[in-house]
Amino acid sequence: QRSSVAPSEVAEQPPVHIAMTAVFVHGFDFGTTEDQLRHHFESVGRVSHVMFQGKGAALVSYNSEDDARRAVSTMEGSTIDGNRRYVNV
């Protein structure tokens with residue numbers, strides 16, 4: 001059955017805000033450990049989780065959007081164990 005509610009009677013929903021707290025990191029050495037990534041990326045904020053996405057790639061999650069933005073702006077091209085890494089949201 002069709003709804004009998006007119007479009008003008010449907011309550012408008014507030015916009016949904018999706019927090020962007022994870023950054024995608026790639027280009028590091030395949031032997032890099034979770035602890036090494038966590039330590040490196042905690043220099044800009046509190047890391048809540050590190051999840052490897054294959055060889056040389058990971059998602060680094062922060063507790064806040066501000067920390068994730070700071071990581072993107074300051075960590076791009078940083079090095080760990082002599083390898084450059086690339087940081088994207």
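Throughout, residue positions are numbered sequentially from 1 according to the sequence presented. Note that the coordinates shown come from a computational prediction; the quantities given were computed from them, not determined experimentally. Hydrogens, waters and symmetry mates play no part in the numbers below; they use all other heavy atoms, side chains included.
For the atom pair CZ of R69 and OG of S64, the computed distance is 8.5 Å after rounding to the nearest 0.5 Å. Interatomic distance, OG of S48 versus CZ of R38, reported as 7.5 Å (0.5 Å rounding). Rounded to the nearest 0.5 angstrom, H49 NE2 and T21 OG1 are separated by 11.0 Å.
Considering every non-hydrogen atom in both V50 and A58, the closest pair reads CG1-CB, 4.5 Å.
Under the 3.5 Å distance criterion, the side-chain polar atoms of R70 are matched with a main-chain donor or acceptor of V44. The closest donor-acceptor contact from the side chain of Y62 to the backbone of F41 lies under 3.5 Å. E42 places no side-chain N or O within donor-acceptor distance of the main-chain N or O of H39, the cut-off being under 3.5 Å.
Between F28 and H26, the ring center distance fails the sub-6.0 Å criterion.
Counting heavy atoms from C-beta outward, M51 and Q53 have side chains that approach closer than 4.5 Å.
Just one residue in the list V60, L59, T32 forms a side chain to side chain contact (heavy atoms under 4.5 Å, CB included) with V25, and that residue is V60.
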